[in-house]
Amino acid sequence: MPISSKFISNKVEKKWYSFWVKNNFFDSKPDSRDPYTIVIPPPNVTGVLHMGHMLNNTLQDILIRRARMKGYNACWVPGTDHASIATEAKVVEKLKKDGIKKSDLSREEFLKYAWKWTAEYGGIILDQLKMLGCSCDWKRTKFTLDDKMSDSVIKVFIDLYNKGLIYRGYRMLNWDPKAQTTISEEEVLYEERDSKIYHIAYKMSDSEEKIVVATTRPETLLGDTAICINPKDKRYSHLTGKSVLIPIVERKVPIIKDDYVDIDFGTGCLKVTPAHDFNDNILGEKYNLEIIDIFNPDGTLNQNGLHYVGQDRFVVRKKIVNELKEKGLLIKEEKYKHNVAISERTKVVIEPRLSKQWFLKMEDLAKPAINSVLKSHDIKLVPEKFVNTFKHWMENIKDWNISRQLWWGHQIPVYYYGKDFSNYVVASSKEIALEEAIKKTKNPKLSMDDLEQDNDVLDTWFSSWIWPISVFDGILNPDNPEINYYYPTQDLVTGPDIIFFWVSRMIISGYEFRKEKPFSNVYFTGIVRDKMGRKMSKQLGNSPDAVKLIKTYGADAVRVGLMLSSNAGNDLLFDETLCKQGKNFANKIWNAYRLFDGWKIEKSLKSDEINIIAIDWFKNLSYKIIEKVEYHFAKYRISDALMTIYKFIWEEFCSWFLEVVKPNQNNLIDEKTKNEIKEIFETNLKLLSPFMPFIAEELWHLISKRETDQALINSSWPEVDSYDKKIIDDFELVKKIIVAIRNFRKEKSIGFKQKLKLKSSSKINPKYIEIIKKMGGIESIEEYKHIKNENYISFHTGNIEFFISSSFIKIDQENEKKKIKIELDYSIGFLNSVEKKLSDKKFTSNAPKKVVDMEKKKKNDIELKISLLKKALSKLA
RNA sequence: GGGCGCUUAGCUCAGUUGGUUCAGAGCACUUGGUUUACACCCAAGGGGUCGGGGGUUCGAAUCCCUCAGCGCCCACCA
């Protein structure tokens, strides 16, 4: 049956999608129009569409489609991110399954696999975006490892290096022993875990006295180079200047004093391992302590590990605890909950590790970005609350570690040469590097073989932070017309979880490389959760299959479902029933079209008065609604904009307007009216099209034969016009009267087929009488001021009372009385409160006149209503 | 520990500068419906002391204080 099922078959969707693509409706080239640009947050190249993407990209598509219709040169640039650590981890996993170890491969061999993988899985996600209806300019699709994109990244590195902003440092960083790379602070998750805190006795070097330290990581004692106490701690003051022997290692290390140690925590005595703890490292620097690294990159013990060499860190922890127990040095072992640093990608415990890395100085670079968001407001964050988050991070910004010990990515353009390769040059290619090295060394005999490129690659975000510029080739060719036309872009839609990773850094790079913001507005979506509030994840299996959703409900319905649940910035609880709601809505619109389509034009007919009035009302209402929709868009309240349109179409258009203008049985309608209704229908489709582009385009072509260039996607967005508020208000009253009639019918069990003769206490605007008659099943309405006949029963709406001959209605007198009394009591109470307010001088003298007048009007209205009720009551008695 | 935010109907959430329209919407629910566009529907209806307490004000969901619960971000004490 369901004709609407054509909208979930994907056939219609495919038809229109290829129509749009074929006719280049998504394409953009610089021209005389104003640009409206969005660059997509590039998803991981090997990723699969999830709910977050769907939400995010639906929003972008709504914005871009509306802008396109508004006459902007709309350009939505799609692309994917090479996602170095995530992709490399996936490739390593895949190889492992095939029995290949990464360590057995050369860099070139590994990269060959990685590219093969990318070719195989890359782009899947872009196809999925197409299913969703995303109107990206696909000809502009970029990949962060494309040649030009890579060249841009290298150019930026060299430029920053030449400006003195990039340096090499020996730093303690978060080390991922599984991926064997450093990871940034932002890629570390903290998880509260049950672990143990151990109290270990260290013997003094010159006596039998023992000092007890507390630690969660006993295995690191192999790298201890000091013991630290608080200078104010009297318990240990006699140990000043002495030294202890580390258990097992029997190394003699000094006792140092520092305020850093908390007297009340543990034993008040801290073991210091400068090579394996961030804070200990600071102490080490301060007191010039020896640094002893005990781990290999993979988390096993290195040559400093004594008899534990080659064993895993967690195995060694257990063994050391046992050894200490045997030696009687383990004083206590207690349960302890603490936060453990976990790698976001590989989920292994992070190891703080000292290593040589490349850094970008951030403090000065951040200044214009801070200004643009906090002072000049050139960039607006929506919702505004994220300004605080942004501010805090930017004002405390740390230098950015941009090197990663991976292969998949942009290899750092640094070339080492000379003795032990201790000198280096920074250059865009090995050839240039050689020239420079020759210049520097004044040794013309240097050859390519004497140069070795840095093994590391750049952090993924070091390519995406220039994304809004590089996609328009603005790094390599700063003067090209494309970048000058499209940049700065208008809106960026992304998740708040990457505000530091990406958003902040794009702002920084924008000012550094273009002297201009990258975008004007950043719309932060929420995180998609299931209806129980849990984050959607693969492990929980609570994430619906995006493609399946589209196939089940249709892309339009899924888009609506997502939009109905999404307010900016707050997390949204996604419930599949919302897609059903979207599907029902599509069905409703489809059926409205079928109804309209069934009306046959009869040329001899004249326009019905009812229709002229209804059309006049509806046109005025449309302008009011468009105004409201625009208001919501201006505030990025996309779900409110959709809900406004949803109600406008379902209630005002279908339930009221179409019911009023619907011809009687014969289905004949005059030409003028049908054409005007068609125009109204078309306006509705326009409003709908950014949200539900497929059904809107389908009906657009069904309702009227169109040439290709007259496609809805290419048409104009409805403009706001002035409207007559009185017409809208008057019609609201008409609706109220009709509802009151329907209510009365239901209450008295009078079927719709029973025509009623109505008398009203005040004059009804004759303009609307026919509409009331049609919608309420009324035979006649007359004004009738003095009802004396007791055979009448009344009901009222507002201040109008209606009378109906009660001869054919069974009336439960007692029940009627009871109901009126309840209403009367309530009204009298209400009147009293209003009168009390009005007699209070404090109120009348302090409140604005407008408010006082309003209260007076309220008083009059209630008095009138009370008199009506009393009259009705007396008639019953 | 520091910061930000949230708490309004069964559910998910709106509610701008305190004052017609402020106590709302959608969904869910209840009742009625063979009104030939649609049961993926139509018509009507019932739901809330706006987290608790206090204060400012003629007037508070809205501003201030306080308590409770929840969420997020940052820092992470061995």
Side-chain angles (χ1 to χ4, degrees), chain A residues 1-5 185 190 197-198 213-217 220 228 260-262 264-273 277-280 336 338-339 341 383 385-389 391-393 396 496-497 499-500 526-527 531 533 557 564-567 569-575 577-578 580-599 631 635 637 639-640 642-644 646-647 650 654-655 658-659 662 665 667 729 732 738-739 742-747 749 751-753 777 837 840-848 850-855 857-858:
Chain A
M1 74 113 211
I3 302 159
S4 63
S5 67
E185 210 42 67
Y190 289 90
I197 188 159
Y198 304 89
V213 302
T215 180
T216 52
R217 301 202 55 193
T220 60
C228 189
Y260 165 72
V261 177
D262 182 346
D264 299 323
F265 188 89
T267 59
C269 186
L270 175 76
K271 68 191 253 328
V272 184
T273 323
D277 182 277
F278 285 96
N279 292 307
D280 291 10
Y336 183 65
H338 77 138
N339 283 337
K385 65 176 177 184
F386 289 111
V387 170
N388 285 322
T389 315
K391 179 173 186 249
H392 182 259
W393 192 75
N396 297 287
D497 48 334
I499 185 168
F500 307 133
I527 291 166
K531 64 178 168 184
L564 286 180
S565 56
S566 71
N567 46 326
N570 288 341
D571 287 359
L572 55 110
L573 307 185
F574 180 76
D575 186 344
T577 58
L578 288 167
K580 199 173 166 230
Q581 197 181 337
K583 197 179 115 189
N584 292 351
F585 185 41
N587 182 60
K588 183 74 189 174
I589 299 158
W590 173 248
N591 280 302
Y593 167 73
R594 284 182 57 214
L595 173 70
F596 168 82
D597 191 47
W599 300 338
Y631 172 82
K635 301 230 158 192
R637 311 205 67 107
S639 57
D640 287 346
L642 173 59
M643 185 46 75
T644 302
Y646 177 93
K647 284 196 282 186
W650 200 311
C654 292
S655 296
L658 287 182
E659 290 299 333
K662 194 168 168 177
Q665 286 87 351
N667 267 349
D729 290 346
E732 282 307 308
I738 294 163
V739 167
R742 287 169 175 170
N743 249 326
F744 176 79
R745 280 180 183 279
K746 182 167 181 186
E747 218 171 78
S749 299
F752 192 79
K753 280 174 183 161
K837 214 173 184 182
D840 186 349
K841 269 185 195 155
K842 275 184 189 167
F843 172 71
T844 49
S845 57
N846 283 320
K850 193 181 132 195
V851 176
V852 177
D853 286 349
M854 185 190 77
E855 287 297 319
K857 186 176 173 293
K858 246 193 225 169

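Any value given below was found using the heavy atoms of this structure, including those in side chains, with hydrogens, waters and symmetry copies removed. Remember, it's a predicted structure, so these values are computed and weren't measured experimentally. Just so it is clear: chains get the letters A, B, ... in the order the sequence lines come, proteins before strands, and each one is counted from 1.
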Among [options], which nucleotide has an atom closest to any side-chain atom of [X]?
| X | options | result |
| --- | --- | --- |
| Leu573(A) | U12(B), A14(B), C40(B) | U12(B) |
| Trp650(A) | C42(B), U12(B), C27(B) | C42(B) |
| Val739(A) | A14(B), A44(B), A78(B) | A44(B) |
| Asp262(A) | C27(B), A37(B), A78(B) | A78(B) |
| Asn584(A) | A14(B), C40(B), G26(B) | C40(B) |
| Lys635(A) | C27(B), U16(B), A75(B) | U16(B) |
| Arg594(A) | C38(B), A78(B), C76(B) | C38(B) |
| Lys746(A) | A78(B), A44(B), G5(B) | A44(B) |
| Phe843(A) | C73(B), C58(B), C42(B) | C58(B) |
| Arg742(A) | A44(B), C76(B), A37(B) | A44(B) |

Once you round it to whole Å, what is the distance between [atom2] of [N] and [atom1] of [X]?
| X | N | atom1 | atom2 | value |
| --- | --- | --- | --- | --- |
| Asp264(A) | C77(B) | CG | C1' | 11 Å |
| Asn591(A) | U36(B) | CG | P | 14 Å |
| Lys850(A) | U21(B) | NZ | C1' | 10 Å |
| Leu564(A) | A28(B) | CG | P | 12 Å |
| Arg217(A) | C77(B) | CZ | P | 11 Å |
| Ile589(A) | C38(B) | CD1 | C1' | 12 Å |
| Lys271(A) | C77(B) | NZ | P | 13 Å |
| Gln581(A) | A25(B) | CD | C1' | 11 Å |

Exercise. Give the ring-plane orientation class for Tyr336(A) versus Phe265(A), where under 30° counts as parallel, over 60° as perpendicular and anything between as tilted.
Key: perpendicular
Quiz item: Between Asn667(A) and Asn846(A), which is nearer to the 5' end of RNA chain B once each is assigned its nearest nucleotide?
Solution: Asn667(A)
Quiz item: For RNA chain B, whose closest nucleotide is more 5', that of Asn388(A) or that of Trp393(A)?
Solution: Asn388(A)
Identify whether any heavy atom of [X] sits under 4.0 Å from a base atom; if not, whether one sits that close to sugar-phosphate; answer base, sugar-phosphate or nothing.
| X | value |
| --- | --- |
| Tyr593(A) | nothing |
| Tyr631(A) | base |
| Glu659(A) | base |
| Trp599(A) | nothing |
| Asn743(A) | sugar-phosphate |
| Lys662(A) | base |
| Cys228(A) | nothing |
| Arg637(A) | sugar-phosphate |
| Leu270(A) | base |
| Asp280(A) | nothing |
| Val272(A) | nothing |
| Phe500(A) | sugar-phosphate |
| Gly268(A) | base |
| Thr273(A) | nothing |

Could you tell me how far [M] sits from [N] if I compare only their [atom1] atoms? Round to whole Å.
| N | M | atom1 | result |
| --- | --- | --- | --- |
| C65(B) | U56(B) | P | 15 Å |
| A9(B) | G26(B) | C1' | 12 Å |
| G53(B) | G46(B) | C1' | 31 Å |
| C42(B) | U35(B) | C1' | 8 Å |
| U36(B) | C11(B) | C1' | 36 Å |
| U66(B) | C76(B) | P | 29 Å |
| C13(B) | G19(B) | C1' | 25 Å |
| G2(B) | C67(B) | P | 13 Å |

Which nucleotide, in any strand shown, forms a Watson-Crick or G-U wobble pair with [N], with both distances under 3.5 Å?
| N | result |
| --- | --- |
| A43(B) | U31(B) |
| C58(B) | G19(B) |
| A25(B) | U12(B) |
| C72(B) | G3(B) |

Roughly how far, to the nearest 0.5 Å, is the [atom2] atom of [Y] from the [atom1] atom of [X]?
| X | Y | atom1 | atom2 | answer |
| --- | --- | --- | --- | --- |
| Thr267(A) | Ile197(A) | OG1 | CD1 | 8.5 Å |
| Leu564(A) | Leu572(A) | CG | CG | 11.0 Å |
| Phe386(A) | Ile499(A) | CZ | CD1 | 6.5 Å |
| Ile738(A) | Asn743(A) | CD1 | CG | 13.0 Å |

Give me the atom names and distance for the closest heavy-atom approach of [X] to [Y].
| X | Y | answer |
| --- | --- | --- |
| Leu595(A) | Lys662(A) | CD1-CE, 4.3 Å |
| Lys837(A) | Glu855(A) | NZ-OE2, 3.5 Å |
| Lys271(A) | Thr220(A) | NZ-OG1, 2.5 Å |
| Val852(A) | Ala847(A) | CG2-O, 4.0 Å |
| Val261(A) | Cys228(A) | CG2-SG, 3.5 Å |

Self-check item: Presence of Lys385(A) side-chain N/O under 4.0 Å of C6(B) phosphate oxygens OP1/OP2
Solution: no
Quiz item: With respect to the phosphate group of A43(B), does any side-chain polar atom (N or O) of Ser655(A) fall under 4.0 Å of OP1 or OP2?
Solution: yes
Quiz item: Is the base of G47(B) syn or anti, if syn means a glycosidic angle within 90° of 0?
Solution: syn
Practice problem: Answer with yes or no whether Asn339(A) presents, from its side chain, a donor or acceptor under 3.5 Å of a partner atom in the base of C76(B). | Solution: yes
